[in-house]
Amino acid sequence: MVDTQYINQPFPPLTVDVEMGQLKFFAKAVGETNPIYFDEEAAQQAGHRSILAPPTYAVTLGCAVPDPFARARQLGMDVTKILHTNQRFEYFAPIYGSDQITLVATILDFYEKRRGQFLFMVEETVAHNQFGELTTRFKQTIVEHR
Amino acid sequence: MGAIMEAGLEDVDVERVEVGDELPVLTKPPITRTTLAYFCGASNDHNPIHVDSDFARAAGKDDVFAHGMLDMAYMGQLLTNWVLQSSIVSFEVKFAAIVYVGDEITCRGVVSEKIVTDTGFDLKIKLKAVDQHEVVKLTGEAVIRQALK
């Protein structure tokens, strides 16, 4: 039997700074060519208040903790055996360089398949900016093949 | 649509987009260990399975492999090369197969639905990423929303 005690219990909020240097490094790492993603002046000329965080960046912010896998470990998952199977984002407002984003994660589901051979964790996170605006809601599913 | 264009982009005129239209294809350079090292640092995902071959082998894998979020970032570029990021309402993927060092990822999108709303249009885009052998690595869907001009 899996431990279901953490389902639907929001974890404590995590507030992270959206660092300009890391946004630029992310753009380099993925071979981004549009300067709104790495050049502050170009971003502002295009009407943005700073460098725009790309569509998947909220997950990176969610990993900005000493152990991004702490919740999976807490559920007893072996994080050397986990794979990411699904990822979804819903967008409400942009995230920009120098923003402060507060993330609240909740485990929506935790279940076994094939008699415990596979263990799935579904987690949803909501991200608000320093103005209290909802920016992004994202949901990820990870699986451990035991 | 917003009055301000993002620099370097020729934003697509969504009113003229029809079901079956394909997004401009995006092919990325083959994944190298350097790509994975950069993305490890840039993404905050420091799981050694993606960058340390010794660790990966000890964990029963043949070698390091790409972060799923790297493939999804490439797919995000397919979208933001085509429309303003602000018009993306939702974006989801299923990671269908592991992406290895040496894989050359090509991202494709096709308009599967065009829905007229009170304020404009919603476009549903079916997404697929394949490697150099056409093996499907990622599938997904995005919804693009554009207000009438």
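Sequence lines set the chain letters: A, B, ... in the order given, protein chains first and strands last, and positions in each chain run from 1. Model, not experiment: these values are computed from the prediction.
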For chain A, the option from [options] that forms the most heavy-atom pairs under 4.5 Å:
{"options": "B:Gly60, B:Gly41, B:Cys40, B:Gly76", "result": "B:Gly41"}
{"options": "B:Asn47, B:Thr34, B:Thr35, B:Asp45", "result": "B:Asn47"}
{"options": "B:Ala59, B:Ala56, B:Ala73", "result": "B:Ala73"}

Looking at [X] and [Y], does any basic side-chain N land under 4.0 Å from a carboxylate oxygen?
{"X": "B:Lys126", "Y": "B:Glu141", "value": "yes"}
{"X": "A:Asp99", "Y": "A:Arg49", "value": "yes"}
{"X": "B:Asp71", "Y": "B:Lys137", "value": "no"}
{"X": "B:Asp63", "Y": "B:Arg33", "value": "yes"}
{"X": "A:Lys81", "Y": "A:Glu144", "value": "no"}

Exercise. If you draw the axis of the six-membered ring of A:Phe120, does the NZ or CZ of A:Lys113 fall within 45° of it and under 6.0 Å from the ring centre?
Worked result: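 Yes, cation above the ring, under 6.0 Å and within 45°.
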
Problem set entry | Cation-pi, A:Phe11 ring and A:Arg71 (6.0 angstrom, 45 degrees) | yes

At a 4.5 Å cut-off on heavy atoms, which part of [X] comes close to chain B: side chain, backbone, both, or neither?
{"X": "A:Phe69", "value": "side chain"}
{"X": "A:Leu23", "value": "neither"}
{"X": "A:Val79", "value": "backbone"}
{"X": "A:Pro68", "value": "side chain"}
{"X": "A:Glu32", "value": "both"}
{"X": "A:Thr85", "value": "backbone"}

Which portion of [X] sits near chain A, non-hydrogen atoms under 4.5 angstrom:
{"X": "B:Tyr74", "result": "side chain"}
{"X": "B:Ile88", "result": "both"}
{"X": "B:Leu36", "result": "neither"}
{"X": "B:Val89", "result": "backbone"}

Exercise. Looking at A:Ala43, A:Pro94, A:Ala64, which one has more heavy-atom pairs under 4.5 Å with chain B than the rest?
Worked result: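 The answer is A:Ala64.
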
Exercise. Would A:Thr60 and B:Ser43 satisfy side-chain hydrogen bond (donor to acceptor under 3.5 Å, both in side chains), going step by step from the backbone distance to the final call?
Worked result: CA-CA 5 Å; A:Thr60 284; B:Ser43 72; 4.9 Å; no

For this session: Please answer whether the main-chain N or O of B:Phe65 pairs with a side-chain N or O of B:His50 as donor and acceptor at a distance below 3.5 Å.
Result: yes

